[in-house]
Structure formats: C-alpha cells, structure tokens
Amino acid sequence: MNAYYALFGARFRELLQYRAAAIAGFVTQLFWGLIRIMIFEAFYRVLSAAQPMRFEEVVTYVWLSQAFLMLIPFRMDGEAMQKVRDGSVVYELARPLDLYGLWFARALALRLAPTLLRAVPLLAIAACGLGLQAPASWAAAAAGAASLAAAFLLAAALTALVTTSLFWTVSGEGVARLLPLTIWICSGIVLPLPFFPEWLQRVLEWLPFQGLIDVPFRLYLGHLPPEAALAQIGKQLAWTAALVLLGRGLLNRGLRRLEVQGG
Amino acid sequence: MCESLALYMRYVGVSLRAQMQYRVSFVLQVLAQLGVTSIEFFTIAVLFARFGALEGWSLPRVAILYGLVHVSFALAEALGRGFDVFPELVRGGGFDRILLRPRGAAFQVLAAEFQVMRIGRLAQGLAVLVWGLAAQEHAWAWSDAVLIAWAILGGVCFFGALMIFSATLAFWTVEGLELMNVLTYGGVETAQFPLDIYRPWFRAVFTFGVPLACVNYLPAQALFGAATPERVLAGWLAPLACAAFLGVSLLAWRAGVRRYVSTGS
Amino acid sequence: MPQILVEGLVKTYRVAERRPGVWGALHGLVRRAYREVRALDGVSFSIEAGEIVGYIGPNGAGKSSTVKVLSGILTPDAGRVEVAGRVPWLERAAHVAGIGVVFGQRTQLWWDLPVVESFELLGAIYRVPEAERLRRQAELTERLELGALLDTPVRQLSLGQRMRCDLAASLLHAPSILFLDEPTIGLDASAKLAVRDFVKRLNRERGVTVILTTHDMDDIEALCSRVMLIDRGRMLRDGSMAALREEGQGERRLVVDLEDEQTEVADADARVVARDGHRVTLHYDPRRVPTAHLIARIAARHALRDLFVEHPPIEEWIARLYREARA
C-alpha cells in the first residue's frame with residue numbers, strides 16, 4: 001500500500017512543479033466554460049420548445065465539467081504506454097508489485113492529482129458570481145459525491161485498459177487514439193448528455209462512458225433523483241469491475257506474447 | 001521570391017517524406033482529427049435540433065462560419081507547425097542552427113515542417129462549408145467563390161499571426177505559453193458561432209483585441225442574400241485586417257530575434 | 001589584414017535569480033532579481049587565413065560566447081570584430097554563407113531522412129549550384145568514406161558515422177572558415193583519428209581556417225599549431241603549442257619503482273607527488289637539478305627496480321594555469 005501512496009505523492013509534486021502550466025490550464029478552462037455558457041445563453045434567449053434541462057442546470061453542468069475535465073481519460077498514461085511500446089515493460093516484472101495494480105494506481109493518480117489541483121479554485125470562482133449552483137439537496141450532494149468517487153475508479157480502469165491494449169501494436173495504437181475520442185463525445189464533456197437525441201441516449205445508457213461525469217453531475221443537480229443513486233453507482237462499479245477484469249486478462253496475454261517473442 | 005518558393009517546396013518535400021516514415025501513426029492521427037472535428041460539428045447540429053435556431057441564425061449559416069474558420073485553422077496549423085513547436089526549438093538550441101544558415105529565420109521556421117495530418121480538419125471543414133453554402137437559397141456568383149477563398153486566406157493569416165505571436169513569446173519566457181491556446185483554440189471555438197451572440201466585453205476582445213471577427217463573421221455576412229453594401233464592403237476588407245495582424249506579428253517576431261541575438265538565450 | 005580580428009570583446013549576461021518556494025516564485029513574477037555574469041571581459045586576438053587554432057578553457061570560460069559572436073548569432077556589448085571584412089552580427093546572412101559550423105553534440109542533418117537528402121536541401125539553402133554541389137559531395141564522400149552511408153536515415157547512423165556526415169554537410173558550401181565544437185566527443189579511437197586526419201587535410205589542401213573548441217587535448221596536439229587559452233572571459237595564453245608545452249614542461253616527473261615498499265623517498269630538489277605501492281612519482285625542475293644527478297642520488301640511497309622520466313601531461317599544466325588565474 002505504501003508504494004501506491006508514494007506514487008501518488010510523486011505525481012502531485014511533479015504537477016506542483018509546473019506552476020505556470022497549472023495557472024495557464026486553469027485560465028483556459030475558465031475561459032472555455034465562459035464561451036460554452038454564452039453559447040447556451042444565446043440558444044435559451046429565444047425558446048421555442050421545452051428543453052431537457054433548465055438554463056441554470058446547464059450552467060452548473062458546464063462548470064462542473066470544466067472543473068472535472070482532467071477526470072476524463074483523454075490523455076492516457078504516456079510513460080506506461082511507452083514502456084509497453086518499446087518492450088521495456090519486462091523490467092517492471094522484476095519489481096515486487098502487481099503490474100496491473102501499479103498501472104491502475106498510476107492511472108488513478110494521473111486523474112486525481114490534476115483534478116484536485118484545478119477543481120477547487122475553479123469551483124470557487126464559478127460559485128462566486130458565475131452561476132454555479134449548490135446541489136439540489138443534501139441527499140443529492142451525497143449521491144453526487146459517491147458517484148464521483150466511483151467515476152474516478154472507472155476512469156482509471158479505462159486508462160489502464162488503453163495501456164494494456166498496446167501489447168497489440170497496430171490495433172493498440174488504434175485503441176489509444178480512438179477510445180479517447182469516443183470518451184470525449186459519449187461522456188457529456190462536450191455537450192450534456194440530456195441534449196442528445198433520445199435514441200442515442202438509450203444507446204449511451206448501455207455504455208460505461210456516462211458514468212464518468214454525466215451521472216455524478218446529474219445526481220448533484222437532482223436531475224437524476226437520489227433514489228436512483230444506488231442503481232447508477234452500482235452500474236459504474238460493475239463497469240469498473242468488468243474493465244479491470246478485461247485489462248488484467250489483456251495484460252496476462254500480452255506478457256505471454258512478449259515472452260513467446262523473446263522480449 | 002521564386003527561388004525562395006522553390007526552396008520552400010523542397011523543405012515541404014523533405015518534411016512529407018519524414019512524415020511518411022510513420023504511416024500507421026499518420027493514418028490514425030488523421031482519423032482522430034477527423035473524429036474530433038466531426039464531434040464538434042455534431043454537437044452544434046444536436047443543439048440546433050433541440051433549439052431550432054440561434055437568434056435568427058440557421059444551422060446552414062452557422063455551418064458556413066464553422067467551415068471558414070476550420071479550413072483556415074487547418075491550413076494555418078499545417079503551414080505553421082514550425083512556430084507551434086518553436087519553444088522546444090529554442091530550448092534545445094536548434095534556433096542557433098537556424099541563425100547559422102544564410103536564410104531568413106522566420107522563413108526557416110515556417111519551412112521546417114508541413115504537417116499533413118491537418119488534412120483531417122481541413123476535409124471536415126470543407127465538407128461542412130460546402131454543405132452550408134449549398135443549403136443557402138441564393139444565386140451564387142463567381143465573386144462569392146473569390147470572396148470565400150479571400151476570406152480563407154485572411155483566416156490563415158490570422159491564425160498564422162497568433163502562432164507567430166506565441167512563438168515570439170518563447171524568446172522571453174518558456175513557461176505558461178499554453179495560455180496562448182485561449183486565443184487559438186478558444187478563437188476557433190468562439191468563431192464557430194456568430195460573434196453577435198456573445199456578451200459585449202467578449203465580442204470586443206475578439207474584434208479589437210484580436211481581429212477574429214474578420215476571419216469568418218464579417219466575410220460570411222457579405223455572402224448571405226440581401227447583404228447591405230456596407231456589409232459587403234466590410235466582408236471584402238476583413239481579410240486585409242488579418243494580413244495587417246500578420247504584419248504586426250512579424251514585427252514582434254523580429255524584435256524577439258533581436259533580443260535572442262543580444263542575450264544569447 | 002587578418003581574416004579574423006577581435007579587439008576588446010565584452011559580453012555580459014543577465015541571469016534571473018530564482019528564489020526558492022512558492023512565495024519566491026510569486027515574488028519573481030512581480031520583480032525579478034538579476035545577477036550579471038561577464039562571459040567575455042576584453043578578449044582580443046587575430047587569426048590569419050589558413051591557421052588551425054585550438055580554443056580551450058573550462059566550462060563557462062567564454063568559449064562558446066566567443067564562437068557565437070564570431071559566427072554572427074550573438075551581439076557583443078562592446079569590442080570590434082571583423083571576419084573576412086564583415087561585422088558578423090550586422091550582416092548575418094552574408095557572413096554565415098562563408099562559414100561552416102559543426103557541433104559535436106547536435107547534428108544539423110534531418111533525423112528521419114537519408115543523409116543525401118539533407119545534402120540536397122543544404123545545397124539549396126546555401127544556393128550552391130546543383131553541379132557544384134554534386135562535385136563537392138562526391139569529393140567529400142570519397143574523403144570521408146561516406147559511400148555506404150548516403151542512403152541511410154540519419155537516426156540509424158553511429159555517432160562516428162554521423163560526425164563524418166555532419167562534417168561533410170558543413171562543407172558543401174565550401175566555407176573558408178570552419179568552427180568545430182567538440183567534434184570528437186563520444187567517438188571511438190578510430191573515428192577520432194578519421195576526423196582529425198580529415199580536418200588536417202582540409203586545412204593543408206584547401207587552406208580552410210579552423211577554430212577548434214574542445215576539452216580533448218589530444219585533438220589540440222594532433223591538429224593545432226596555435227592555442228588560445230581562456231578563462232572567466234579573459235585570455236590567459238595565446239601562442240604556439242610548442243611554447244605552451246615549453247612553459248608547462250619546466251617541470252619534469254621522475255617515476256621510480258622501489259624494491260621495498262616501506263622505504264621513504266626524499267630529496268631536497270624534488271617533491272613526492274604520488275605514491276602507489278612500489279611506485280613513487282616525484283616532480284623536479286631540471287634547471288635546478290640535472291636529471292642525471294637526481295637519478296644518481298636516489299639510486300645511491302634506495303634499491304630500485306625500474307625508473308623513468310617523463311613530461312607531465314599538458315592537461316595538468318593547463319589545470320594549474322586555470323587554478324592560478326582563479327586564485
């Protein structure tokens with residue numbers, strides 16, 4: 001456990017070194033949020049049909065998604081990916097750590113550290129006059145927080161999956177490039193999922209990506225009632241478990257492949 | 001001039017051959033870019049499907065804005081890649097080598113790389129642009145085609161200028177350069193929609209701070225039916241403002257090179 | 001009129017001082033503190049066409065600042081510089097067309113492409129007519145034995161092969177002055193010899209002026225008739241290699257191997273500088289005590305297995321010059 005803790009700390013200190021980059025990222029995300037809110041503002045100005053969300057809800061959704069942008073597995077674990085690509089991953093096996101566990105922990109640190117760094121100041125500013133609303137109720141807050149925690153696990157499982165897929169060079173590169181895109185569109189980060197056509201929403205319910213930000217945010221907003229929390233979080237965890245199993249399986253087969261090829 | 005153009009084409013040839021060494025990665029990059037930009041237009045279309053219209057702007061008209069800005073940006077990115085990676089060139093000492101060659105520094109940085117993978121954004125932007133134009137109920141004239149090409153040229157100048165400005169900053173600092181993305185990527189994001197929907201302070205930043213309005217908002221309005229003569233004039237003049245912006249960025253660049261040569265870092 | 005003329009060259013850098021901690025970083029954003037570093041402090045010299053000059057000094061002595069000024073990519077604060085009748089930094093493009101620069105640490109070739117494509121592009125950049133370029137390329141290929149390398153991508157070359165290709169690349173436009181910065185760093189013995197032989201021939205047959213900065217004294221001894229020694233921005237020595245050697249070799253060293261390890265060796269005219277098992281190394285000044293006398297005295301006092309006399313390595317003398325200049 002201590003090794004994983006150390007890994008976490010290292011990642012944090014690494015990020016804190018790049019203060020200017022952190023500030024630039026913060027300003028960029030603030031700016032992006034403003035653009036998107038202004039676009040929604042214009043759409044809502046002349047309303048011809050009932051919308052799936054109120055404008056205030058959209059604003060809150062947008063700020064939450066800006067704050068938790070780094071939770072989305074868009075940039076993957078470059079260092080581990082490089083090790084698989086060049087085959088130096090075999091040296092990792094010499095360490096007394098479960099390799100999948102290590103990658104999962106790295107992935108979790110990769111998601112958590114930058115998110116924590118940016119979310120706090122961004123949410124603080126967004127709450128002071130930029131329209132971020134408080135959670136719908138205490139129950140909604142608790143449900144949102146629990147679901148957010150599950151979302152981090154889900155994100156880490158997706159990141160580790162991309163790393164393991166790289167044992168298969170060509171298809172792995174494809175996964176590494178195209179999975180982030182799928183996540184980008186299907187998570188709700190570019191457009192809140194309730195705006196998607198109904199048929200597409202039905203499809204998305206069967207995929208894991210909704211559990212990254214859409215479910216936690218809608219629980220927070222009360223857009224999904226707190227009673228639904230248990231089922232939703234159950235779904236997030238089930239997907240996480242499935243992806244972990246898949247990742248582990250791929251890792252074992254990949255390492256065997258590497259041995260057969262003679263490293 | 002002719003000789004420089006020939007040399008530029010040689011540089012491009014070298015850059016293309018280098019990129020073709022990594023074919024699989026190249027194809028995937030193009031696909032990924034095509035995907036990202038398609039997602040962007042998809043979300044716009046979804047919003048229009050929900051809301052119907054945006055303050056009097058229809059989806060096809062917004063598609064013209066979208067097409068103009070993405071085609072310009074894709075071309076600028078492909079051409080100006082050298083400026084994009086310039087901070088690394090300075091940090092690694094590669095800029096010394098450029099100064100040791102008997103050609104203009106800006107020319108060599110520009111020629112250093114022609115990034116073909118931007119073809120993904122370019123193709124997608126062109127498709128959306130053509131779709132938007134075809135959906136207009138309006139008799140097209142040759143002058144419209146010229147105006148479109150002229151506007152794209154202006155847009156390339158605009159984004160090229162932003163890239164040169166951000167490269168120039170690397171002569172002074174190496175930290176926090178990511179902030180320029182607010183203007184480049186943020187500018188693209190902003191210009192996908194008509195500027196008049198934004199709040200006044202924001203509109204002012206992207207009209208007078210940097211002439212983003214001249215990239216697509218002003219030229220597009222000269223294309224629509226029943227444009228007033230003032231709008232037509234503004235549309236035709238807008239790319240000149242972008243060219244002037246490029247000129248200013250090159251002046252800043254020269255100041256940056258002078259600083260580099262006198263400080264050696 | 002010498003080909004390179006440098007008088008009273010001064011260059012001062014401002015180095016931003018960083019304060020530790022978050023508070024220091026914030027403070028640094030508002031008001032930066034600078035420290036002045038004088039890299040060149042009145043350096044003067046002149047070089048005639050066709051010379052090979054070794055330019056040596058410890059790291060940070062001002063070597064690379066001098067080379068940058070001479071090659072036109074750094075403007076000095078004060079001083080007069082003329083290279084082939086031009087002020088380098090005022091007419092950069094015209095000036096650099098007549099010089100060649102090789103950095104041992106960095107290649108100027110295009111990493112992913114076959115060597116020959118870099119040559120073609122460089123020919124175009126330097127406006128070398130195609131026929132002319134082909135002729136020089138053929139000649140350099142023969143001299144440097146590049147035949148088998150021309151179609152190999154640069155990233156696949158060994159360090160020694162790459163250095164030979166880099167040398168050729170910097171000579172395609174037939175410069176009259178060649179700057180070599182650590183050209184043999186990291187090379188194996190035979191590659192070093194190949195580079196030295198080539199440079200020597202280039203200088204002898206083409207009359208190309210060569211300015212060599214290096215830490216490798218073997219390079220200097222093999223190539224240079226003249227050495228300039230710089231430290232802290234000031235010229236410490238400028239003269240022939242022979243003169244430097246003469247000066248440094250006022251001292252000689254006597255190495256004796258004793259029969260008995262326990263014996264203490266002492267002599268009024270020599271000092272013991274090293275002792276390792278049976279072996280004792282002494283330094284002495286042959287002008288104060290003739291070598292024969294010293295040997296005779298020591299051989300009379302101790303039982304010896306073997307002995308020999310040698311010059312101390314030039315590196316030791318140079319290191320001492322640096323120390324003295326700093327003291």
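These numbers were taken from a predicted model, which means no experiment stands behind them. Labels below follow one simple rule: chain letters A, B, ... track the order of the sequence lines, proteins then strands, and each chain is numbered from 1.
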Rounded distance (nearest 0.5 Å) linking atom CD1 of A/Ile39 with atom OG1 of B/Thr190: 7.0 Å
Nearest atoms (heavy-atom pairs only) where A/Ala42 meets B/Glu55: O-CG, 3.9 Å
Largest heavy-atom contact set with chain A, pairs under 4.5 Å, which of B/Val36, B/Leu54, B/Val27: B/Leu54
Point-to-point distance, once rounded to the nearest 0.5 Å, from CG of A/Leu47 to CZ of B/Arg50: 12.0 Å
Under 4.5 Å from a heavy atom of chain A, the part of B/Ala32 involved: both
Heavy-atom pairs under 4.5 Å with chain A, option from B/Asn181, B/Ile39, B/Leu177 with the top count: B/Ile39
Selection residues 183-208 of chain B - residue pairs positive for salt bridge (Lys or Arg N to Asp or Glu O under 4.0 Å), sequence neighbours left out: A/Glu41-B/Arg199
Nearest-0.5 Å distance that lies between atom CH2 in B/Trp201 and atom CG in A/Leu34: 5.0 Å
Which atoms of A/Phe40 approach chain B - backbone, side chain, both or neither, heavy atom under 4.5 Å: side chain
Close approach to chain A in residues 123-131 of chain B, criterion heavy atom under 4.5 Å: none
Inter-chain contacts: residues 194-219 of chain A against chain B, heavy atoms under 4.5 Å: A/Pro194, A/Phe195, A/Phe196, A/Pro197, A/Glu198, A/Leu200, A/Gln201
Among the listed options A/Val46, A/Val190, A/Leu181, A/Thr182, the residue most often paired with chain B at heavy-atom distances under 4.5 Å: A/Leu181
B/Phe202 ring center within less than 6.0 Å of A/Phe31 ring center: yes
B/Thr43/A/Ile185 under side-chain contact (heavy atoms from CB on, under 4.5 Å): CA gap, chis, key distance, verdict: CA-CA 9 Å; B/Thr43 58; A/Ile185 178 79; 4.3 Å; yes
Contacting region of B/Phe193 [heavy-atom separation from chain A under 4.5 Å]: side chain
A/Ile125 atom CD1: more than 12 heavy-atom contacts under 6.0 Å: yes
More than 12 heavy atoms of other groups within 6.0 Å of B/Arg91 CZ: yes
Heavy-atom contacts under 4.5 Å, residues 204-219 of chain B to chain A: B/Phe206
A/Arg54 atom CZ, neighbour heavy-atom count above 12 within 6.0 Å: yes
Atom pair CZ (B/Phe51) and CZ (A/Arg45), whose distance is rounded to the nearest 0.5 Å: 12.0 Å
Approximate separation, where rounding is to 0.5 Å, of A/Leu178 CG and B/Leu28 CG: 6.0 Å
Rounded distance (nearest 0.5 Å) linking atom CH2 of A/Trp32 with atom OH of B/Tyr185: 9.0 Å
